[in-house]
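Okay, handing you the structure first.
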Amino acid sequence: MQVLSLIRSRFADVLATWIDDPALLSATLERIVPSRETHLADYQANVAMPLQKKLGKPPLAIAEELVAGVKLSDICSSVTIAGQGYVNLRLSPEWLSDRLSEALSDPDRLAVSLAATPKTYVVDFSSPNVAKPMHVGHVRSTVIGDAINKILRFLGHRVHSDNHLGDWGTQFGMIIYGYKHFRNQEAFDQAPVAELGRLYRLIQQTISYQDTVANVPKLEANIIKAEQKANDSKQKAADAPKDKKLAKEATSAHQQWLDLQQQRLQALAAIESASHDADLLERSKTHPELGQRVLRETSKLHEGDSENIKLWEAFLPSCKAEIHNVYRRLNVQFDFEYGESYYHDLLPMVVEDLLARSMAVQSDGAICVFLDGYEAPMIVRKQDGAFLYATTDIATAVFREREFAPDVSLYVVDHRQSEHFQKLFDVLRKIGLTHTDLKHVSFGTVLGDDGKPFKTRSGTIVGLESLLDEAVERAMQVVCDPERLNRSGTDFSEEDRKNIAETVGIGAIKYADLSHNRTSNYVFDMNKMVLMEGNTAAYIQYSYARTRSIIRKALAEGIAQADLGARKLALVEGPELALGLQLLRFEDMLSQSMSDYLPNMVTEYLFETAKLFSSFYEQCPVLKADSPDVVLARLRLTELTGLTLKKGLELLGIGTVERM
RNA sequence: GGGCUCAUAGCUCAGUUGGAUAGAGCAACGGAUUUCUAAUCCGUAGGUCGUAGGUUCGAACCCUACUGGGCCUGCCA
């Protein structure tokens with residue numbers, strides 16, 4: 001039910017006679033919103049104050065004319081003026097009850113309408129590099145993208161979800177090189193992905209060590225320069241003691257000098273700790289310039305070298321299978337999974353096309369597109385002839401345009417790539433992809449409790465699988481807590497327990513991610529997450545289970561399922577009305593959350609709904625209410641609450657259980 | 001150097017895109033269970049929304065400057 005647009009259209013009937021400018025009219029209508037002051041109003045129109053200049057009247061007079069003109073008597077029980085000119089609306093309980101009855105008679109969609117003008121979306125999300133173990137950083141793109149995908153579909157749009165797998169990049173050069181030189185055949189035969197993961201880390205570690213060693217002389221040279229600069233600036237600042245800018249420069253130069261020294265010490269410490277690792281030293285010695293060797297393997301793969309292609313084809317299925325295990329567990333599906341490799345044959349044409357349009361030029365041996373407003377160009381072909389992700393991204397967008405002709409193309413990717421996407425979109429528009437709304441749905445970094453990107457104490461990245469396992473394990477502890485089981489009088493089978501723990505544990509991880517505004521960084525704290533109290537998935541899942549518990553008892557007491565739907569609700573008490581009003585807002589909330597692709601608006605809504613239900617639950621007995629009519633009305637409200645919570649969680653990719 | 005971004009309660013975060021007395025969870029404190037699941041509820045305390053200006057009927061939100069953090073800044077994705 002689109003309540004907001006209905007109310008706005010009533011106001012538009014009056015406002016349109018006052019305002020000619022359509023832009024101003026629609027801006028004015030957007031000032032009609034759900035009220036924050038719930039003790040004063042359900043909805044409020046903040047339109048009188050901004051119109052005082054335009055109409056040349058005091059706001060209170062405008063508000064009075066508005067209230068006199070607008071037709072709301074069927075919807076509202078009261079329309080009043082307050083403060084400097086706020087128009088406060090209170091919905092009539094009858095109208096509210098009727099709308100909720102409609103939702104109840106449509107349990108699949110809860111009377112949420114399908115988009116009047118459906119759009120075609122491409123949603124690009126998750127997109128991990130295969131052959132690298134997935135870690136917590138991959139959760140955000142996967143979970144946010146999946147929620148957006150599911151919500152847009154529910155709202156009636158055509159959505160193509162694409163997992164743009166990194167299946168063609170440098171990491172394959174790494175594991176191919178590793179496989180050729182360091183593999184443990186027995187381990188590979190038994191568990192190929194684990195062995196490839198080991199090889200990946202082995203190569204990574206060696207390259208990083210070599211880079212560190214090679215970097216020390218450069219650092220030392222820079223330290224000397226920085227020291228000189230620091231001294232010079234200090235001198236200049238001392239010569240002109242009143243110049244604040246020079247003083248600031250001096251501190252900054254000094255700081256840079258200190259930073260470089262610190263970096264050198266860190267590098268030396270890393271080298272020192274590596275010196276105890278005989279295998280590493282040996283590897284580094286026998287495979288000098290490993291980074292270059294790895295790149296060579298990658299370019300051989302791209303050039304079609306038969307041995308490397310064969311290895312790639314051998315590795316890919318098991319790598320994909322591994323990733324799909326995670327998706328299965330997270331209940332995430334994609335329509336397509338073409339991956340970068342799919343576009344490889346198109347890349348030379350992309351570059352030729354850019355050259356033909358004179359958009360790309362040679363520079364330092366690479367082929368680059370220079371764009372206004374950016375220092376660095378977008379490189380589409382490297383010196384050595386290899387293509388980059390920018391090239392692939394262009395090819396991918398062109399392909400999607402031809403295949404789907406999307407109205408909107410969403411890229412759910414880390415905010416660190418925002419400049420890349422700005423450049424990419426700039427190029428895409430220049431080559432004619434103008435009718436697609438290209439949007440980087442960026443998200444912040446997941447941090448550890450030290451405020452730095454999430455890692456364990458030893459510094460290695462935490463694998464996603466083990467993270468999920470831990471959350472499920474912690475959920476299991478709560479499920480099996482004997483005191484709790486005794487109190488709630490529930491008796492779960494082993495299978496029930498497993499199911500509940502999995503649903504609650506995975507839900508906890510997803511919810512923690514989704515409940516933050518996607519644009520901000522957030523601190524990942526397993527301890528808080530698995531408390532399963534307060535603003536968590538478990539709280540909402542628990543509220544849902546309580547609605548089910550009441551419904552089960554009602555059915556057991558002989559109330560027919562048919563009595564629960566499609567009948568009048570007749571809400572009277574405060575907690576009933578507050579909950580009912582909240583349930584009425586489901587559709588408005590969903591569209592609102594998709595106007596800027598913010599799933600946290602959905603979690604916020606569900607949490608609020610669950611709280612209102614808990615409050616209702618405490619204050620309004622359902623089965624033991626005074627009269628059979630009230631019992632039925634409250635049962636229906638309980639049923640609709642359950643349906644709404646379940647649907648909301650489902651749209652976020654979070655499951656529910658009937659008992660917990 | 002340039003660009004992007006962030007700064008809100010002790011901690012972790014919301015804040016419906018400029019509306020009324022700035023909210024929630026956790027932690028702290030005090031209450032509630034013969035009553036539909038206490039993974040719950042009710043209450044208390046906690047804030048100069050980084051600083052200083054500006055814009056306007058009205059600013060946590062927009063603009064400018066400053067302070068401090070993060071990220072990006074030509075051949076990884």
Side-chain angles (χ1 to χ4, degrees), chain A residues 30-31 33-37 40-41 44 46 49-50 52-53 58-59 82-86 88 127 129 166 169-171 295 340 363-368 373-384 386 388-390 392-393 413-420 422 442 444-445 447 449 451-453 475 478-479 481 484 487-490 504 515-517 519-523 525 528 531-536 538-539 541-543 545-546 549-554 588-589 592-593 595-596 598 600-601 603-605 607-608 611 614-615 617-619 621-625 634 638 659-660:
Chain A
E30 278 179 21
R31 310 189 93 94
V33 292
S35 181
R36 281 179 182 162
E37 314 297 317
L40 297 174
Q44 60 178 316
N46 311 320
M49 294 83 81
Q52 57 186 304
K53 273 193 184 159
Q84 314 149 43
Y86 300 99
N88 285 340
S127 310
N129 285 327
T170 313
Q171 83 273 18
L295 281 182
E340 294 181 312
S363 169
D364 289 344
I367 297 180
C368 303
Y374 302 99
E375 265 180 77
M378 182 158 133
I379 299 175
V380 292
R381 211 181 75 185
K382 297 197 284 184
Q383 279 179 336
D384 64 5
L388 297 98
Y389 67 121
T392 311
D393 281 352
V413 183
D414 198 301
H415 75 285
R416 282 172 289 195
Q417 292 192 41
S418 58
E419 190 172 314
H420 162 68
Q422 281 170 24
S442 70
T445 310
L447 308 172
D449 51 14
K452 296 192 172 141
V478 182
V479 175
D481 179 27
R484 201 187 76 83
R487 201 163 47 211
S488 64
T490 38
V504 171
S515 61
H516 293 95
N517 186 311
T519 57
S520 48
N521 297 346
Y522 83 96
V523 176
D525 188 339
K528 274 186 185 159
L531 275 181
M532 315 281 178
E533 291 169 6
N535 190 358
T536 61
Y539 177 79
Q541 289 166 325
Y542 177 72
S543 300
R546 295 219 287 195
S549 173
I550 294 174
I551 300 294
R552 262 197 314 277
K553 285 218 160 119
D588 281 340
M589 175 281 299
Q592 181 71 40
S593 87
S595 72
D596 204 19
L598 293 170
N600 70 305
M601 297 187 69
T603 60
E604 208 178 312
Y605 172 86
F607 181 51
E608 191 60 34
K611 273 199 291 190
S614 292
S615 194
Y617 184 93
E618 293 289 327
Q619 295 175 62
V622 177
L623 297 173
K624 289 169 187 162
R634 288 184 179 167
T638 302
R659 301 192 308 154
M660 65 183 272

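The sequence lines fix the lettering, A, B, ..., with proteins before strands; numbering per chain opens at 1. Quick caveat, the model's predicted, so the values are computed rather than measured.
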| remark: For A:Tyr86, the ring pair (Phe, Tyr, Trp, His ring centres under 6.0 Å) test, sequence neighbours excluded, returns none
| said: Apply the syn/anti split at 90° from 0 to B:U51 and say which one it is. | reply: anti
| task | For RNA chain B, write out the stems as range with range, using runs of 3 or more consecutive Watson-Crick or G-U pairs with both distances under 3.5 Å. | result |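 RNA chain B stems, ordered by first number: B:1-7 with B:67-73, B:10-13 with B:23-26, B:28-32 with B:40-44, B:50-54 with B:62-66.
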| By side chain to side chain donor-acceptor pair (under 3.5 Å), which residues pair with A:Arg416, not counting sequence neighbours? | A:Asp414
| message | Please tell me if A:Tyr539 has a side-chain N or O lying less than 4.0 Å from either OP1 or OP2 of B:C41. | response | yes
| said: Work out how far the C1' atom of B:C61 is from that of B:U5, and round it to whole angstrom. | reply: 16 Å
| Closer than 4.0 Å, any side-chain N/O of A:Tyr389 to the OP1 or OP2 of B:A77? | no
| message | Can you say whether a donor on the side chain of A:Asn88 sits under 3.5 Å from an acceptor on the base of B:A20, or the other way round? | response | yes
| query | Can you name the nearest heavy-atom pair linking A:Ala545 to A:Met660, along with the distance? | reply | CB-CG, 3.8 Å
| said: So, using side chain to side chain donor-acceptor pair (under 3.5 Å) as the criterion, who are the partners of A:Thr445 when residues are at least two apart? | reply: none
| query | Can you list the residues that meet the side chain to side chain contact (heavy atoms under 4.5 Å, CB included) rule with A:Glu533, with sequence neighbours excluded? | reply | none
| field | By side chain to side chain donor-acceptor pair (under 3.5 Å) - contacts of A:Arg634 (at least two apart) | value |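 Partners of A:Arg634 by the side chain to side chain donor-acceptor pair (under 3.5 Å) criterion, ordered by chain and then number, come out as A:Glu576.
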| query | Can you list the residues that meet the side chain to side chain donor-acceptor pair (under 3.5 Å) rule with A:Ser515, with sequence neighbours excluded? | reply | none
| task | Produce a footprint string for nucleotides 11-17 of chain B: one letter per nucleotide, 5' end first; B if the base is under 4.0 Å from any protein heavy atom, S if only the sugar-phosphate is, - if neither. | result | SSSSSBB
| remark: Separation of B:A39 atom C1' from A:Gln541 atom CD, nearest Å, is 10 Å
| Set of side chain to side chain contact (heavy atoms under 4.5 Å, CB included) partners for A:Ala376, sequence neighbours left out | A:Lys423
| field | Whole-Å gap separating P (B:U40) and CG (A:Asn535) | value |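 Going from A:Asn535 (CG) to B:U40 (P), I get 12 Å.
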| said: I want to check one thing: is the phosphate of B:U40, taken as OP1 and OP2, less than 4.0 Å away from some side-chain N or O of A:Ser543? | reply: no
